[in-house]
Number of protein chains: 2
Amino acid sequence: MFSKSCEYAIKAMIFVAQKSKDEARVSLKEIAKGTDAPEHFIAKIMQELGRKRLVQSIKGPNGGFYMTEKNLQTSITDIVKAIDGDKLYLDCVLGLKACSEVNPCPVHFEYKEIKRNLIKMMDTNTIGKFNEKLDSGSFFLKNL
Amino acid sequence: MFSKSCEYAIKAMIFVAQKSKDEARVSLKEIAKGTDAPEHFIAKIMQELGRKRLVQSIKGPNGGFYMTEKNLQTSITDIVKAIDGDKLYLDCVLGLKACSEVNPCPVHFEYKEIKRNLIKMMDTNTIGKFNEKLDSGSFFLKNL
DNA sequence: AAATTAAAAGAGTTTTTTATCTTTTTATAA
DNA sequence: TTATAAAAAGATAAAAAACTCTTTTAATTT
């Protein structure tokens, strides 16, 4: 479904949102530990998320990653598109470039409905929403 | 979503079902052409599908692939599990090994519903069903 | 201003997936 | 029974994804 990079990206975004309340910064080390990701690998991902302004970063002592109010409105879709591109949103499940409504692959109409639900879910779930839910400590990011 | 191998497998299964009516055999070359797949690559995939008895094969002149009535009842799920394994069915979307109902990842419950629909679609759509629909020439397997 | 801290950037390496090429086996037909 | 056709099997190669290491840049703090 998602690439490994994208899985890490989603987890990292949620992690930073949680840990960076009231101006606090979260370091790469903390993000790596908190999401069970290889440090240098998640570094690349955070760079990309930073470049695309889905998260903020500051270098130097006391530096790290944090989020603005706007960043908290980032949806799963925003993250997926930033890391994996929009192939999940646009491409045919069977990989047929020519597949469309008028030239459908065998599973086109069956998959259409699934995809609609999937996209709706990813569009409506934002980092901020997860953040609220998390305050109850009811879900997990680490592989225990 | 699916691996390239799996995309080819689904297309190939549908192609063989269509072309192998009344005892006819379909050759690797035909399958490769009909599904826009590299011949030697689809050969490996057909071997695997053959080993798992999702399709029949006969060597030698006039040999090739064909399907029994039982093979026509193969679902998308059967093909996906044969080629990609059951990670799509079992694994957490964020790749967390420990994710479960009692230890959910942030998107667990959101994704649960999507997954249920997806699996239902893949379980209920069989090669035979597609085959019927195809008789009307209403869908495509090739990349034009 | 110098030392230090932490992310950014660049340059590999490893592993997995996708694809190709060659040889062997099996069945058919001349 | 030999030649041939076609899949099976094995081995290799290329490309992509995942991961690691090193150097540079930017911000702080002393």
Side-chain angles (χ1 to χ4, degrees), chain A residues 1-12 15-16 19-20 23-33 35-67 80 83-85 87-88 91 94-95 143, chain B residues 1-12 15-16 19-20 23-33 35-67 80 83-85 87-88 91 94-95 143:
Chain A
M1 177 79 71
F2 305 139
S3 71
K4 214 95 214 295
S5 297
C6 193
E7 291 176 8
Y8 289 141
I10 297 169
K11 287 190 274 185
F15 185 77
V16 172
K19 296 282 172 174
S20 73
E23 302 297 297
R25 279 83 182 260
V26 192
S27 75
L28 275 171
K29 258 193 193 75
E30 290 176 273
I31 298 172
K33 271 191 189 168
T35 61
D36 261 324
E39 191 181 328
H40 291 98
F41 191 48
I42 196 90
K44 293 291 171 191
I45 296 164
M46 294 310 294
Q47 260 174 54
E48 187 59 25
L49 293 172
R51 250 182 250 118
K52 302 213 166 130
R53 304 287 171 217
L54 300 189
V55 70
Q56 310 302 314
S57 76
I58 293 189
K59 290 183 182 178
N62 261 306
F65 296 84
Y66 66 98
M67 293 199 162
V80 172
I83 303 298
D84 284 348
K87 51 185 191 304
L88 182 60
D91 291 5
L94 298 186
N143 247 329
Chain B
M1 177 79 72
F2 304 139
S3 70
K4 214 97 215 293
S5 297
C6 193
E7 291 176 8
Y8 288 143
I10 296 169
K11 288 190 273 187
F15 185 77
V16 172
K19 296 283 174 175
S20 74
E23 304 297 297
R25 278 82 180 261
V26 193
S27 75
L28 275 171
K29 258 195 193 71
E30 291 176 273
I31 298 172
K33 270 191 189 169
T35 62
D36 261 323
E39 192 181 328
H40 291 99
F41 192 49
I42 197 88
K44 294 290 171 194
I45 295 165
M46 295 310 293
Q47 260 173 54
E48 187 59 25
L49 293 172
R51 250 183 249 118
K52 300 214 166 130
R53 305 286 172 220
L54 300 190
V55 69
Q56 309 303 314
S57 76
I58 292 189
K59 289 181 181 180
N62 262 307
F65 296 84
Y66 66 97
M67 291 199 165
V80 173
I83 303 299
D84 283 348
K87 51 185 191 303
L88 183 60
D91 290 5
L94 297 186
N143 247 329

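On a predicted model such as this, the values are computed, not experimentally measured, just so you know. Sequence lines set the chain letters: A, B, ... in the order given, protein chains first and strands last, and positions in each chain run from 1.
- B:K44 comes within 4.0 angstrom of a base, heavy atoms only.
- Comparing C:dA8, C:dT22, C:dT18 by their closest approach to the side chain of A:F65 singles out C:dA8.
- Residue A:I45 contributes atom CD1, which lies 13 Å from atom P of C:dA8 at whole-angstrom precision.
- Checking D:dT20, C:dA19, D:dT28 against every side-chain atom of B:P38, the shortest atom distance belongs to C:dA19.
- Comparing A:C6 and A:K59 against DNA chain D, the residue whose closest nucleotide sits nearer the 5' end is A:C6.
- Here B:V26 lies in heavy-atom contact (under 4.0 Å) with sugar-phosphate atoms only.
- Between D:dA18 and A:S5, a contact under 4.0 Å exists linking OP1 or OP2 to a side-chain N or O.
- Rounded to an integer number of Å, the gap from A:Q56 CD to D:dA26 P is 18 Å.
- Of the two residues near DNA chain D, B:Q47 and A:I58, the one whose nearest nucleotide lies more 5' is B:Q47.
- One finds a side-chain N or O of B:Y8 lying less than 4.0 angstrom from the OP1 or OP2 phosphate oxygen of C:dA19.
- Distance CD1 (A:I31) to P (C:dA7): 7 Å, rounded to an integer number of Å.
- Atom NZ in B:K52 sits about 16 Å away from atom C1' in D:dA8, given to the nearest Å.
- In plain terms, the two heavy atoms of A:G63 and A:R25 that are nearest each other are O-CB, 3.6 Å.
- A:D84 places its CG atom 13 Å from the C1' atom of D:dA16, with the value rounded to the nearest Å.
- Atoms CZ (B:F2) and P (C:dT18) sit 13 Å apart, rounded to a whole Å.
- Considering only the side chain of B:S27, D:dA7 comes nearest among D:dT20, C:dT18, D:dA7.
- Nearest heavy atom pair, residue B:V16 against residue B:M67, reads CG1-CG, 4.0 Å.
- Using a 4.0 Å heavy-atom cutoff across all strands shown, A:R51 reaches sugar-phosphate atoms only and no base atom.
- Each of D:dA18, C:dT20, D:dT22 was ranked by its minimum atom distance to the side chain of A:H40; first place goes to D:dT22.
- Between A:N62 and D:dT29 there is a side-chain polar atom (N or O) within less than 4.0 angstrom of OP1 or OP2.
- Between A:K87 atom NZ and D:dA17 atom P the separation is 7 Å, expressed in whole Å.
- Side-chain N or O atoms of A:D84 include one that pairs as donor or acceptor with a backbone N or O of A:S3 at under 3.5 Å.
- In this structure, the CG atom of B:L28 is 16 Å from the P atom of C:dC21, given to the nearest Å.
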Between A:Y8 and A:D36, does a side-chain contact (heavy atoms from CB on, under 4.5 Å) hold up when you go through it step by step?
-> CA-CA 8 Å; A:Y8 289 141; A:D36 261 324; over 6 Å; no
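- For B:S57, no side-chain nitrogen or oxygen approaches OP1 or OP2 of D:dA6 to under 4.0 Å.
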Evaluate side-chain contact (heavy atoms from CB on, under 4.5 Å) for A:M1 paired with A:L88, printing each intermediate quantity in order.
-> CA-CA 8 Å; A:M1 177 79 71; A:L88 182 60; 4.3 Å; yes
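- Between A:Y66 and A:I58 the shortest side-chain heavy-atom distance falls below 4.5 Å.
- Residue contacts for A:G64: at a heavy-atom cut-off of 4.0 Å it reaches the sugar-phosphate backbone alone, with no base atom in range.
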